[in-house]
Amino acid sequence: MRVRLIAANWKMHKTVDEALAFWRAVRGRVPAGVEAVVCAPFTALHPLAVERREGDGVALGAQNLFWEEAGAYTGEVSPVMLADLGVRYVIVGHSERRQLFGETDETVNKKVRAALRHNLVPILCVGETLEEREAERTEEVVRRQTAAALDGIAADDAARVVIAYEPVWAIGTGRTATGEDAARVARTIRGVLADRYGAGVAEQARVLYGGSVKPANLSQFLAFPEIDGALVGGASLEADSYLQLLDAANPARGEAQGRDGA
Ligand SMILES: O=C[C@H](O)COP(=O)(O)O
């Protein structure tokens, strides 16, 4: 049984004080059956790690990492440093990093491998641009990005990778994929996993949707069993909105609605 995951990606937002205020407003309020992850900027990770208490119910995530453990790599942050803080998740291959900072399938693969070596869970981002979508290349692009990112990774590790389908044209635009489209791409992603590792890994790995997710539209994705949660940018910045997302993902709520509607 896959546990739903709602990952906040704050991107380049929040001072330390703002990050701490958010954490204090959210901790202890995560519904059972939902995993909450906050991917904070590097500057906020240590203060949040110090603030974190058992029972907060929120895991810490980073938004990037470098693949070496240490060395002369000015400006980079290593998986060892993240693990040292108690960081559990790390976003890898976000389209903003691919488009603005030159990340490639090859460097994404190195980062996924480095994260796994240090027991961090990669949240691997894949997704097509508008141009690729219009050329009907979505499936091809997602298959290529997924397969390349998992190159050289063993089945046990692959099952731990969280894969976020984020159509680039939906990020920060207010436009979303339909639930059907997102579910179809999630099946494509599981198809890549099944071909490479077998049905067990395809069944175990979590696949998220990302791109203009809001509390009001999250259920359109979670209605599909192929989708295990969301990677959320803008709507994760305010504690209230993030709490609403967690609430919308609460499996007990879905069951209650199903009962009420029955
Ligand atoms: O990582 C998050 C995605 O880029 C989605 O961002 P958004 O929810 O602001 O569209």
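Owing to the predicted nature of the structure, the values given are computational and were not obtained by experimental measurement. Counting starts at 1 for both ligands and their atoms, following the listed order.
- When all heavy atoms of Val141 and Glu128 are compared, the closest pair comes out as CG1-CA, 4.2 Å.
- Interface of His94 with ligand 1, defined as ligand atoms under 4.0 Å from a residue heavy atom, comprises 1 (O), 2 (C), 3 (C), 4 (O).
- For Tyr73, the ring pair (Phe, Tyr, Trp, His ring centres under 6.0 Å) partners two or more places apart in sequence, or in a different chain, are Phe66.
- Near Gly233, meaning under 4.0 Å from any of its heavy atoms, are these atoms of ligand 1: 2 (C), 5 (C), 6 (O), 7 (P), 8 (O), 9 (O).
- Under the rule for a side-chain contact (heavy atoms from CB on, under 4.5 Å), the partners of Glu69 that lie at least two apart in sequence or sit in another chain are Val80, His118.
- For a threshold of 3.5 Å applied to N or O pairs, the pair formed by Gly172 and ligand 1 contains at least one separation below that value.
- Under the 4.0 angstrom criterion for non-hydrogen atoms, Lys11 is in contact with ligand 1.
- Close approach of ligand 1 to Leu231 (heavy-atom distance below 4.0 Å) involves ligand atoms 1 (O), 2 (C).
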* Please lay out, stage by stage, how Glu226 and Arg184 fare under the test salt bridge (charged side-chain N to carboxylate O under 4.0 Å, His left out). => CA-CA 8 Å; Glu226 294 90 340; Arg184 195 189 65 248; over 6 Å; no
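- Not a single heavy atom of Gly210 sits under 4.0 Å from any atom of ligand 1.
- At a 4.0 Å heavy-atom cut-off, ligand 1 touches Asn9 through the side chain alone.
- When Ile227, Ile163, Val162 are each tested for a side chain to side chain contact (heavy atoms under 4.5 Å, CB included) with Arg206, only one passes: Val162.
- Ring-plane geometry between Tyr242 and Phe22 is classed as tilted, the angle between the planes lying from 30 to 60 degrees on a 0 to 90 degree scale.
- Listed by atom number, the atoms of ligand 1 under 4.0 Å from Gly234 heavy atoms are 7 (P), 8 (O), 9 (O).
- Taking only nitrogen or oxygen atoms, main chain and side chain alike, Glu166 reaches within less than 3.5 Å of ligand 1.
- The contact set between ligand 1 and Gly211, taken as ligand atoms under 4.0 Å from a residue heavy atom, comprises 5 (C), 10 (O).
- When every heavy atom of Ser78 is checked against every heavy atom of Glu68, the shortest pair comes out as CB-O, 3.2 Å.
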